[in-house]
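A short write-up of the structure that comes next.
Scope of the values below: all heavy atoms of this structure, side chains included, with no hydrogens, waters or symmetry mates. Every chain is numbered from 1 and lettered A, B, ... according to where its sequence line falls, protein lines coming before strand lines.
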There are 2 protein chains.
Amino acid sequence: MKTVSQMQTEVRSGCGSASVVNACSDCSVRSRAICAVLDNSELAELSKVNRHRSLGAGDCLFFEGDPTEAYYVVTDGALKLYKLLPDGRRQVIGFLFKGDFLGATFSEEHAFTVEALTPTELCQMPREKFELFVNDSQPLGRKLLQVATNGLASAQEQMLLLGRKTAQERLASFLVWMSARAEERGDDGDHLGVPMSRTDMGDYLGLTVETVSRTITKLKTSGVISLAERGYIEIRNRDRLEEIAEG
Amino acid sequence: MKTVSQMQTEVRSGCGSASVVNACSDCSVRSRAICAVLDNSELAELSKVNRHRSLGAGDCLFFEGDPTEAYYVVTDGALKLYKLLPDGRRQVIGFLFKGDFLGATFSEEHAFTVEALTPTELCQMPREKFELFVNDSQPLGRKLLQVATNGLASAQEQMLLLGRKTAQERLASFLVWMSARAEERGDDGDHLGVPMSRTDMGDYLGLTVETVSRTITKLKTSGVISLAERGYIEIRNRDRLEEIAEG
DNA sequence: CGCCAGCTTGAACGAGGTCAACGGGAGTGG
DNA sequence: CCACTCCCGTTGACCTCGTTCAAGCTGGCG
């Protein structure tokens, strides 16, 4: 079980990213992100300290082991979070999309690497400032607790997947989850945008690329899904897909 | 990959458990549990609403799908948390010990079953009352956020284990973790108390009983550990164990 | 046009699962 | 006190699902 040498494009804080102060009032994800719980005066305060960040596909926002310097909200695009074993085996522990919060880990060092799947826009909030906000604003504190416990629940669901599901069940579960997330964002849940590579899916589902590919072929052959243009999957039989996902 | 029919001893709220109001002032886990952040007046308030619960080995505190009615602190003993697939495949998603908090999931339904491994004592706090506490006490809110994010970090670590580690690496990681937890509680980290069965370990590590047994034998043969009396494992070569754990 | 990265497919292999048997300790009942 | 049972852990033999290794295929890009 050997995997890839890690030749990721290194793009660190500031590099290649326009850093301009950003008004929250006309933010496209405001209603969906954690910022929704902030009132106008808090939002005005936040506008003073946040910065805009842009990443190209494949750029890393930070690496496992880097000191925690900021919190983020994804305003557009998609990211993957992953951990590495010394020999290069990789486990993707999550994907983030438009509106998601990044940094629900109040520790000194990042426990995972974050890399952009597509060109991605972020709202970056400096660590100390944001933590002051959290202490001052009760609604924000509660919102973060909710984000963290939601994350915990999905992580437990993923443990069930990784520990006990077959390859087909894993793929089906993944597609069902992607579809639900797409609908949350207001996207089409049946014509599914899939910004990650087969390798990324494998590293998320505890499988190899080959198995992912074969399993997708099988789902396609049995008419549950079909492949649309590059980066899109069509869900043809949602009921069957959900049945497979649950074992 | 079929597993066990689920014939667990059903012991629900109240059954077989003395329900008496409990003074926090002389609680054995007070300094270690979340209660440590409460001041004396808050503690006095809490004393008025909490109840004591006792479970025998194998008793279930609640089941996956039950409505959330209370939060708990483990005052003594050990618990396992698990999720089931319809066909009985089981994934243990965590173990709780003395001092641990249970209920960092602010949802309406429990997403997992909780079962006692040994006779266990709990401090039970009614849901609404506890949530009022959380809203009133900033330190408690922050503490819970910390508990939740710590849980999230361990869950991510476990994903790496389940997705990418070999059987031997999983067992080694598990023992290293158990040892660290024992030391946190002030127990001996080398003469390790292991209250769970081989089946439970397997269901936690995504393996079968047989593989757990074989792998333990291998670790024993290579001199890394040795088996002491029933329910105890001796760590003989911690460095080597940690080496194996990290791949 | 040619190159490279990502995806797919085939064939052989192996880590861990499945099935089966056995041994030992704890609880039970005679 | 012993006989019996049951559960748990261990071990062996065999098998399977997913991995590994290898080869081609496709589409985007210089």
Side-chain angles (χ1 to χ4, degrees), chain A residues 1-9 56-58 80 87-91 117-118 161-171 194-221 225-233 244 247, chain B residues 1-5 7-9 56-58 85 87-91 117-119 161-171 194-221 225-233 244 247:
Chain A
M1 153 53 66
K2 222 160 292 168
T3 324
V4 276
S5 60
Q6 297 307 311
M7 295 299 3
Q8 50 230 145
T9 326
K80 68 179 175 205
D87 66 359
R89 279 174 285 174
R90 183 197 329 233
Q91 179 65 35
L117 294 171
T118 61
L161 180 150
L162 291 169
R164 292 303 181 210
K165 290 190 180 178
T166 64
Q168 212 185 19
E169 289 162 2
R170 293 181 199 204
L171 251 300
V194 180
M196 62 289 283
S197 68
R198 299 289 189 261
T199 304
D200 290 336
M201 292 186 215
D203 286 347
Y204 183 55
L205 301 174
L207 301 168
T208 57
V209 211
E210 293 93 330
T211 303
V212 170
S213 185
R214 279 187 250 272
T215 307
I216 287 180
T217 302
K218 201 157 81 179
L219 287 173
K220 198 175 56 180
T221 308
I225 60 169
S226 62
L227 299 190
E229 67 273 31
R230 196 175 187 71
Y232 286 83
I233 292 178
I244 296 174
Chain B
M1 155 52 66
K2 224 161 290 171
T3 324
V4 276
S5 62
M7 294 302 1
Q8 49 231 144
T9 325
L85 252 15
D87 65 0
R89 280 174 286 173
R90 182 198 328 233
Q91 179 66 34
L117 294 172
T118 61
L161 180 151
L162 291 168
R164 290 306 182 207
K165 289 189 181 178
T166 64
Q168 212 184 22
E169 289 162 1
R170 293 181 200 204
L171 251 299
V194 180
M196 62 288 284
S197 69
R198 300 288 188 262
T199 305
D200 290 336
M201 293 185 215
D203 287 347
Y204 183 54
L205 301 174
L207 301 169
T208 58
V209 211
E210 294 93 330
T211 302
V212 170
S213 186
R214 278 187 251 273
T215 308
I216 287 181
T217 302
K218 200 158 82 177
L219 288 173
K220 199 175 57 179
T221 308
I225 60 169
S226 63
L227 298 191
E229 68 273 28
R230 195 176 186 71
Y232 285 84
I233 293 179
I244 296 174

Identify all pairs in which a protein N or O lies below 3.5 Å from an N or O of nucleotides 11-14 of chain D, and state each distance.
unit_1: D:dT11; atom_1: OP2; unit_2: B:T217; atom_2: OG1; d: 2.7
unit_1: D:dG12; atom_1: N7; unit_2: B:R214; atom_2: NH1; d: 3.0
unit_1: D:dG12; atom_1: O6; unit_2: B:R214; atom_2: NH2; d: 3.4
unit_1: D:dA13; atom_1: N6; unit_2: B:R214; atom_2: NH2; d: 3.4

To the nearest 0.5 Å, what is the distance between CG (B:L227) and CG (B:L219)?
10.0 Å
Roughly, in whole Å, what's the span from CZ in A:R198 to C1' in C:dT8?
9 Å
Quick check: does any side chain N or O of B:R170 sit under 3.5 Å from a backbone N or O of B:L162, one acting as donor and the other as acceptor?
yes
When the distance from CZ of A:R164 to C1' of D:dC17 is rounded to whole Å, what number comes out?
15 Å
Would you say A:D203 and B:R164 make side-chain contact, with heavy atoms under 4.5 Å?
yes
Given D:dG18, D:dG9, C:dC7, the nucleotide with the shortest approach to the side chain of A:S197:
C:dC7
B:L171 side chain reached by B:L207 side chain, heavy atoms, under 4.5 Å:
yes
For the atom pair CD1 (A:I233) and CD1 (A:I216), what is the distance rounded to the nearest 0.5 Å?
5.0 Å
Spacing between A:L171 atom CG and D:dG18 atom P, to the nearest angstrom
11 Å
Which nucleotide in C:dT8, D:dC8, C:dC7 has an atom nearest any side-chain atom of A:R230:
C:dC7
How long is the gap from OG1 on B:T215 to CD1 on B:I244, to the nearest 0.5 Å?
11.0 Å
Protein N or O to nucleotides 13-15 of chain C N or O, pairs below 3.5 Å:
none

To the nearest angstrom, how far is B:L227 atom CG from C:dG25 atom P?
13 Å
In whole angstroms, the gap separating P of D:dG18 from CG of B:L162 amounts to 15 Å
Under 4.0 Å, heavy atoms only, any strand: does A:G202 hit a base, just the sugar-phosphate, or nothing?
nothing
Would one find a side-chain N or O of B:T208 under 4.0 angstrom from OP1 or OP2 of C:dG16?
no
Looking at every strand, decide which applies to B:G206 at a 4.0 Å heavy-atom threshold: base, sugar-phosphate, or nothing.
sugar-phosphate
Please report, rounded to the nearest Å, how far the C1' atom of D:dT19 is from the CZ atom of A:R170.
13 Å
Rounded distance (Å) that lies between atom C1' of C:dG16 and atom NZ of B:K165
18 Å
Validation row: A:K218, A:Q168 side chains within 4.5 angstrom (heavy atoms)
yes
NZ of A:K218 versus C1' of C:dT9: gap in Å, rounded?
15 Å
Return the CD to CG distance between A:Q91 and A:L205, rounded to the nearest 0.5 Å.
8.5 Å
What distance do B:L85 atom CG and A:K165 atom NZ have between them, rounded to the nearest 0.5 Å?
6.0 Å
Within the structure shown, what part of the strands sits under 4.0 Å from B:L205 by heavy-atom distance: base, sugar-phosphate, or nothing?
nothing
